[in-house]
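Read the structure below first, then the notes.
Keep in mind the model is a prediction, meaning the values are calculated, not measured.
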Amino acid sequence: MKLFDGHCDTAYELLKRGEGLARNSCHIDLQKAAGLEAYAQVFAFCSNAGRPGGGTERLLTEPLALLCREVEKNRSRIGFAANGAEALRLTEQGRIAALLSVEGCEVIGCDPGRLEWLREQGFCMLTLTWNADNALAGWHGSALGLTPRGRDFVREAQRLGLRIDVSHLSETAFWQLMDCTQAPILASHSNSRALCGCTRNLTDDQLRALSQAGGTVGLNLYPPFLGGKADFDTLRAHLEHMLTLCGEDHVALGGDLDGCDELARGFTDVSSWASFYAYLQAAGYPADLLDRIFFRNLLQLLQ
């Protein structure tokens with residue numbers, strides 16, 4: 001099974017726990033991923049805005065420095081990729097592809113002048129907000145839209161090739177972004193609001209608009225974003241709803257591993273994606289569709 005997961009918080013967890021990438025107590029490490037045929041993972045750097053001590057640049061610089069050290073230490077097994085093409089090359093070499101994302105632009109001071117530096121560091125995507133309003137936009141629990149600074153920020157980010165991730169964005173800001181976007185966007189780790197009425201999930205209209213703009217939505221494993229008993233059946237219900245609205249080329253995975261204090265039943269860590277793959281295979285999902293959802297759709301979005 002090939003896996004491309006659009007969101008994890010493992011770098012921060014490694015820093016917090018004082019652990020390494022080869023083997024640790026997190027949801028993701030190199031040993032847990034060893035059974036995957038190919039594996040690309042987006043590592044997010046969260047601003048924690050809205051929490052005590054959040055919103056500072058060290059929440060980017062410190063876990064990024066740690067991840068860089070760990071990738072170098074394990075360079076025969078993992079390497080950095082700045083886009084889908086580089087990710088594919090690494091996976092074809094039998095190595096894990098590590099891609100980078102900002103989750104809440106407080107970590108760069110919401111400064112469009114820092115975007116070029118992000119791109120130079122190999123970042124490929126970013127969310128404007130986390131769980132608080134900032135100078136760019138409103139978060140998913142807010143009515144605030146895109147600010148004028150936010151519109152300029154989006155233009156510059158897209159000019160540089162950074163994908164905009166709307167998973168933590170307010171609904172007002174989402175629609176304003178759709179009016180001005182010049183490139184496909186994504187919701188890296190969000191589910192269907194029709195099935196679970198959390199503001200972190202997307203409405204049917206949002207899902208349609210995102211896919212029509214060429215973007216993807218990534219299935220999230222966090223039970224409060226799934227509703228019900230939150231097991232493989234629940235995940236499949238969200239997946240099928242999103243496939244119906246978005247089409248087979250616009251649904252992917254964004255597990256939120258190491259960003260969740262609980263996971264859907266049947267999941268313990270990154271290796272559990274293989275069990276979910278087998279479950280969908282047994283339910284009649286064809287191999288080509290599974291390859292799109294589990295790997296190719298995100299790969300193509302980030303080419």
Derivation and outcome, side chain to side chain contact (heavy atoms under 4.5 Å, CB included), residues L299 and L88: CA-CA 8 Å; L299 188 75; L88 183 60; 4.1 Å; yes
Please report the C-alpha distance between S190 and R200 in whole Å, then the side-chain angles of each, then the deciding distance to 0.1 Å, and finally whether the side chain to side chain donor-acceptor pair (under 3.5 Å) criterion is met. CA-CA 6 Å; S190 293; R200 272 282 283 102; 3.0 Å; yes
Run the numbers on F45 and F123 for ring pair (Phe, Tyr, Trp, His ring centres under 6.0 Å), then give the verdict. CA-CA 10 Å; F45 296 84; F123 280 75; 5.8 Å; yes
Kindly determine whether E37 and K2 satisfy side chain to side chain contact (heavy atoms under 4.5 Å, CB included), including the steps that lead there. CA-CA 5 Å; E37 176 189 352; K2 296 179 180 179; 3.4 Å; yes
Under the side chain to side chain donor-acceptor pair (under 3.5 Å) rule, what do T203 and D205 come out as? Steps first, then yes or no, please. CA-CA 5 Å; T203 68; D205 285 344; 5.4 Å; no
With side chain to side chain contact (heavy atoms under 4.5 Å, CB included) as the criterion, how do I28 and Q41 come out once you've worked through the C-alpha distance, each side chain's angles and the decisive distance to 0.1 Å? CA-CA 10 Å; I28 294 174; Q41 178 66 59; 3.6 Å; yes
Does the pair C180 and L146 meet the rule for a side chain to side chain contact (heavy atoms under 4.5 Å, CB included), with working shown? CA-CA 10 Å; C180 68; L146 275 182; 4.1 Å; yes
Carefully, step by step, assess Y279 and Q281 under the rule side chain to side chain donor-acceptor pair (under 3.5 Å). CA-CA 5 Å; Y279 160 86; Q281 200 172 36; over 6 Å; no
Test N191 against H189 for side chain to side chain donor-acceptor pair (under 3.5 Å), laying out the working first. CA-CA 7 Å; N191 295 330; H189 57 306; over 6 Å; no
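Shortest non-hydrogen contact noted between L210 and L202 is CD1-CD1, 4.1 Å. Residues G215 and P184 share a closest heavy-atom pair of N-CB, 4.0 Å. Taking all atoms of both residues into account, the shortest heavy-atom contact from W130 to A49 is CE3-O, 3.3 Å. The minimum heavy-atom distance between N134 and L128, with the atom names listed, is ND2-O, 2.8 Å. I78 and V71 get closest at one heavy-atom pair: O-CG1, 3.8 Å. Scanning all heavy atoms of the two residues, the minimum distance from R149 to P112 falls at NE-CD, 4.3 Å.
Proximity of H7 to V42: side-chain heavy atoms (C-beta onward) are nowhere separated by under 4.5 Å. At a threshold of 4.5 Å between non-hydrogen side-chain atoms, the residues V217 and L186 do not count as touching. Side-chain contact between Q31 and R23: present, with at least one pair of heavy atoms (C-beta onward) separated by less than 4.5 Å. L289 has its side chain within reach of L243: a pair of non-hydrogen atoms, C-beta onward, lies under 4.5 Å apart. Within the 4.5 Å cutoff, no side-chain heavy atoms of R296 are placed close to those of D249. Residues P63 and E13 fail the side-chain proximity criterion, which asks for heavy atoms closer than 4.5 Å. Between L253 and L3 there is a side-chain heavy-atom pair separated by less than 4.5 Å. Looking only at side-chain heavy atoms (C-beta outward), L67 and L21 come within less than 4.5 Å of each other.
Distance check, rounded to the nearest 0.5 Å: CZ of R163 to CG of L99 gives 12.5 Å. Rounding to the nearest 0.5 Å gives a distance of 11.5 Å between OG of S211 and CG of N297. Atoms CZ and CG, on R119 and N83 in that order, are 6.5 Å from each other to the nearest 0.5 Å. To the nearest 0.5 Å, atom CG of residue L64 and atom CD of residue E62 are 11.0 Å apart. Atom CG of D233 and atom NE2 of H238 lie 12.0 Å apart (nearest 0.5 Å). Rounded to the nearest 0.5 Å, atoms NE2 (H241) and CG (L207) are 6.5 Å apart.
No hydrogens or angles considered: nothing links the side chains of D165 and T127 as a donor-acceptor pair under 3.5 Å. For W273 and D5, the side-chain atoms include at least one donor-acceptor pair closer than 3.5 Å.
Hydrophobic clustering (ILVMFWY, side-chain heavy atoms < 4.5 Å, transitive): L195 and L280 are in distinct clusters. No chain of hydrophobic side-chain contacts below 4.5 Å, direct or via other Ile, Leu, Val, Met, Phe, Trp or Tyr residues, connects L298 to L239. Following chains of ILVMFWY side-chain contacts shorter than 4.5 Å, one cannot reach W175 starting from W139, and the two form parts of different hydrophobic clusters. M125 and L136 end up in different hydrophobic clusters when Ile, Leu, Val, Met, Phe, Trp and Tyr side chains are linked at under 4.5 Å. Side-chain heavy atoms closer than 4.5 Å link hydrophobic residues (I, L, V, M, F, W, Y) into clusters, and following such links, possibly through other members, connects L257 to L15.
A donor-acceptor contact shorter than 3.5 Å links the side chain of Q158 to the backbone of Q182. At least one donor-acceptor pair closer than 3.5 Å links the side chain of T147 to the backbone N or O of G150. Remark: side-chain polar atoms of S142 are not paired, donor with acceptor, to backbone N or O of G138 under 3.5 angstrom. Formation of a donor-acceptor pair under 3.5 Å by the S188 side chain with backbone atoms of G218 is not found in this model. Although no hydrogens or angles enter the test, the distance criterion places a donor-acceptor pair under 3.5 Å between the side chain of N74 and the main chain of E70. Under the 3.5 Å distance criterion, the side-chain polar atoms of N201 are matched with a main-chain donor or acceptor of F225. A distance-only check finds no donor-acceptor pair linking the side chain of D258 to the backbone of C26 [under 3.5 Å]. For T181 (side chain) and M178 (main-chain N/O), no donor-acceptor pair under 3.5 Å exists by modelled atom type. Using a distance-only test at 3.5 Å, with no hydrogens or angles considered, a donor-acceptor pair links the side chain of R17 to the main chain of S25. Within the 3.5 Å criterion, the main-chain N or O of A143 finds a donor-acceptor partner in the side chain of T172.
Using a cutoff of 4.0 Å between basic side-chain nitrogens and carboxylate oxygens, D204 and R193 are not scored as salt-bridged. Ion pairing between a basic and an acidic side chain is recognised when a charged N comes within 4.0 Å of a carboxylate O; R69 and E72 show no such pairing. Classification of D152 and R155 as a salt-bridged pair holds, one side-chain N sitting under 4.0 Å from a carboxylate O. Look at E92 and R89 and you find no salt bridge, because none of the NZ, NE, NH1 or NH2 atoms lies under 4.0 Å from a carboxylate O. Looking at K32 and D29, a side-chain N of the basic residue comes within less than 4.0 Å of a carboxylate O on the acidic one, giving a salt bridge.
Each of E106, E57, H168 was evaluated against S47; a single residue qualifies, E106, per the side-chain hydrogen bond (donor to acceptor under 3.5 Å, both in side chains) test.
Aromatic ring centroids of Y39 and F4 lie 6.0 Å or more apart. Outside the 6.0 Å centre-distance limit, the rings of Y277 and Y285 are not counted as a close aromatic pair.
Classified by interplanar angle (parallel below 30°, tilted 30° to 60°, perpendicular above 60°), the ring pair F294/F276 is tilted.
Within 6.0 Å of CZ on R75 lie no more than 12 heavy atoms contributed by other residues, nucleotides or ligands.
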